[in-house]
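Shown next, in structure tokens, is the structure this report addresses.
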Amino acid sequence: MTKYFDTNYHYLVPELHRGQRFALASQRLFAEVDEAHDAGFAPKVTLTGPLTWLWLGKTKGQTQQAAFDRLTLLDSVLDVYVEVLNRLAKQGVAWVQLDEPALVQDLPLAWQQAYERAYHRLQAAPVKLMVATYFGALGDNLSLTARLPVAGLHVDAVRAPEQLEGVIDRLSPHQVLSVGIIDGRNVWRADLAVLRERLMPLKVRLGQRLWLAPSCSLLHVPVDLDAETELDDELKSWLAFARQKLDEVVTLTRLLDHRASPEDEARLAAATQALDARRASTRIHRPDVTRRLEQVHLADSQRGAAYSERAVAQRRKLALPLFPTTTIGSFPQTDAIRAARRAYKNAEITTAAYEAKMRDEIAYAVARQEALDIDMLVHGEAERNDMVEYFGEQLDGFAFTRFGWVQSYGSRCVKPPIIVGDVARPAPMTVRWSEYAQSLTDRPMKGMLTGPVTILQWSFVRDDQPRETTCKQIALALRDEVIDLERAGIGAIQVDEPALREGLPLRQGQWQAYLNWAVESFRLSVAGVDNATQIHTHMCYSEFNDIIGAIAALDADVITIETSRSDMELLEAFQDFAYPNDIGPGVYDIHTPNTPEVAWMVSLMEKALEKIPAERLWVNPDCGLKTRRWEEVEPALANMVAAAKELRARHG
Ligand code: GLN
Ligand code: ZN
């Protein structure tokens with residue numbers, strides 16, 4: 001499974017084999033079309049386009065063989081598309097939309113040419129084709145896209161409003177232009193008056209050939225704002241979920257057609273009023289937060305000394321053995337923990353009772369880790385429902401919906417927080433838990449926070465200021481937490497950034513700008529500590545090769561990463577770059593219930609040792625353990641500790 005472009009929606013990656021042949025194997029689409037017709041609707045059918053489908057596929061097979069060109073499969077893929085289009089035509093379908101968001105990415109020449117070839121072949125199908133692009137600008141694929149022999153084009157005018165002129169200039173006289181004008185990726189209400197102004201000239205030029213639409217599929221936003229009973233009216237007036245966004249599309253269409261109903265006029269006025277209020281609201285625009293960010297200096301994102309010097313101070317303070325063992329933060333979220341949280345949410349138990357229960361869980365996790373002889377402990381994150389929600393709930397500037405679920409994969413959904421306004425930390429968020437955990441043991445306790453980039457990435461972000469600004473506000477709030485943890489006697493603090501890589505823009509040319517502020521945000525959050533305080537970070541599975549410079553620029557004292565499934569191959573990027581700081585390459589895959597063998601973990605670490613010197617290696621699982629059971633965790637960690645001891649005996 002991989003995330004679809006830069007969304008949090010997952011798809012199963014098609015695995016492609018050399019010489020593979022394709023055949024139509026499902027009737028479901030046709031049954032759904034019949035169902036829509038029976039219900040009295042004439043649907044525009046939407047399919048992933050053939051090139052984007054191939055683009056998202058991965059070649060599979062023996063390593064040597066796997067390196068074949070996916071485009072060799074295109075003809076066979078197109079055979080099936082032709083068959084599907086013909087079937088749809090027979091069912092009476094007039095329009096078929098083929099989603100081709102790959103067109104907003106950097107495409108090799110061969111792929112650009114394949115687009116032309118493919119769509120010339122599909123041209124013969126007896127339906128009208130609409131090629132849909134979204135999530136960004138067509139850029140250097142603009143001319144190519146405009147030349148495709150299709151009846152209509154959809155472009156994203158939210159992410160890339162500047163491209164409209166160029167697209168219209170290249171449109172052929174009969175082509176329809178579907179303008180994605182309502183943001184399908186975010187929850188904010190649209191300024192209908194402003195959009196009407198912007199669209200008026202387009203309407204004059206295109207007449208009936210102008211269609212309006214959301215920028216992309218609405219599966220990336222929650223369904224219905226009206227279902228939210230807990231949000232206050234003011235906040236609600238600033239938002240629009242999928243149903244409201246459809247109303248916006250319809251209202252805008254009628255406004256442009258000069259056939260607006262009184263209801264449409266009321267909607268227009270309400271939108272203007274709500275947006276004026278939002279712009280002026282002191283509830284979300286806080287001078288103290290703005291001022292603090294303005295006063296940030298370069299030095300604020302710099303540790304007091306270079307890693308080599310810090311490492312000496314940390315070694316002295318933490319007194320860890322060679323190949324220190326640790327975990328990534330969470331221990332099993334048991335039924336008992338969930339039950340306690342539920343009871344607390346439903347006000348069936350008091351805050352005091354809930355906190356006492358969480359302290360018991362922390363004490364249990366600490367005792368287990370001591371018994372296992374782990375070197376650097378964690379408190380176990382029992383109190384956290386979710387690694388972003390937990391922090392969002394305690395920060396100013398965040399709002400939470402009751403039913404704002406967004407599909408993540410299949411029946412799995414996530415409920416992202418909404419970052420409404422300036423972010424600030426009214427009070428410490430994790431200090432009491434870490435402090436309590438540390439009080440139970442003489443071993444170093446690692447504090448545990450979610451990083452600014454990950455909090456940003458996994459939330460709906462406000463659209464009235466740059467993402468960079470919001471990220472840095474979060475970073476400053478976390479900075480206070482990091483400093484408070486240090487003051488409370490926590491000598492190591494981990495700031496998780498699993499979402500760092502997935503925040504990369506879709507175009508490589510924009511990567512560096514993103515990485516600059518993402519890295520700076522991370523550094524702002526951690527750089528306030530003493531040299532002797534050890535900063536950790538954690539990332540899940542990532543291709544590190546092309547962002548290794550940014551990873552190094554984070555300047556975390558220790559980074560733990562998910563490497564076990566790649567057989568330590570990921571470490572090559574760190575070796576090639578001569579990555580200078582400590583690394584904990586996960587020695588076992590927490591996503592399986594199996595107990596990893598000692599010898600296996602030792603052999604993985606021996607591979608790591610070929611690339612990284614012993615003094616800079618840690619021994620840890622590859623991710624948090626919250627999804628596992630204690631019965632699985634204990635034998636696995638016992639073996640992991642035994643592996644570390646074996647390594648010390650060999651290399652100490
Ligand atoms: N500290 C978190 C945990 O252990 C990290 C989770 C993650 O990597 N996504 O659960
Ligand atoms: Zn992870």
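Atoms within each ligand, like the ligands themselves, are counted from 1 in listed order.
None of Arg523, Arg310, Gln302 except one satisfies the side chain to side chain donor-acceptor pair (under 3.5 Å) rule with Asp555; the exception is Arg310.
Figure legend: Arg368 and Tyr364 shown as a cation-pi pair, the cationic atom lying under 6.0 angstrom from the six-membered ring centre and within 45 degrees of its axis.
For the atom pair Arg467 CZ and Trp517 CH2, the distance stands at 5.5 Å (nearest 0.5 Å).
Ring planes of Tyr344 and Tyr354: parallel class, angle under 30° (limits at 30 and 60°).
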Original post:
Are Lys611 and Asp576 close enough, and set up right, to give a salt bridge (charged side-chain N to carboxylate O under 4.0 Å, His left out), and what steps lead you there?
Top reply: CA-CA 9 Å; Lys611 303 178 173 105; Asp576 294 345; over 6 Å; no
Subject >> Stepwise salt bridge (charged side-chain N to carboxylate O under 4.0 Å, His left out) test for Glu502 and Lys3 >> reply: CA-CA 8 Å; Glu502 68 189 50; Lys3 295 191 177 191; 2.9 Å; yes
**OP:** Please report the C-alpha distance between Asp375 and Arg648 in whole Å, then the side-chain angles of each, then the deciding distance to 0.1 Å, and finally whether the salt bridge (charged side-chain N to carboxylate O under 4.0 Å, His left out) criterion is met.
**Re:** CA-CA 13 Å; Asp375 302 304; Arg648 281 170 211 156; 2.9 Å; yes
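Take a cut-off of 2.8 Å around the Zn ion (ligand 2): the protein N, O or S atoms inside it are His538 NE2, Cys540 SG, Cys623 SG.
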Can you give me a line-by-line list of nitrogen or oxygen pairs between ligand 1 and the protein shorter than 3.5 Å?
unit_1   : atom_1 : unit_2 : atom_2 : d
ligand 1 : 1 (N)  : Ile328 : O      : 3.1
ligand 1 : 1 (N)  : Glu381 : OE2    : 2.9
ligand 1 : 1 (N)  : Asp496 : OD2    : 2.6
ligand 1 : 4 (O)  : Ile328 : O      : 3.3
ligand 1 : 4 (O)  : Ser330 : N      : 2.9
ligand 1 : 4 (O)  : Ser330 : OG     : 3.1
ligand 1 : 8 (O)  : His538 : NE2    : 3.0
ligand 1 : 10 (O) : Ser330 : OG     : 2.7
ligand 1 : 10 (O) : Lys626 : NZ     : 3.3

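For an aromatic pair to be called close, the ring centres must be under 6.0 Å apart, and Tyr588 with Trp600 fails this.
When only modelled atom types and interatomic distance are considered, Asn531 and Glu309 share no side-chain donor-acceptor pair under 3.5 Å.
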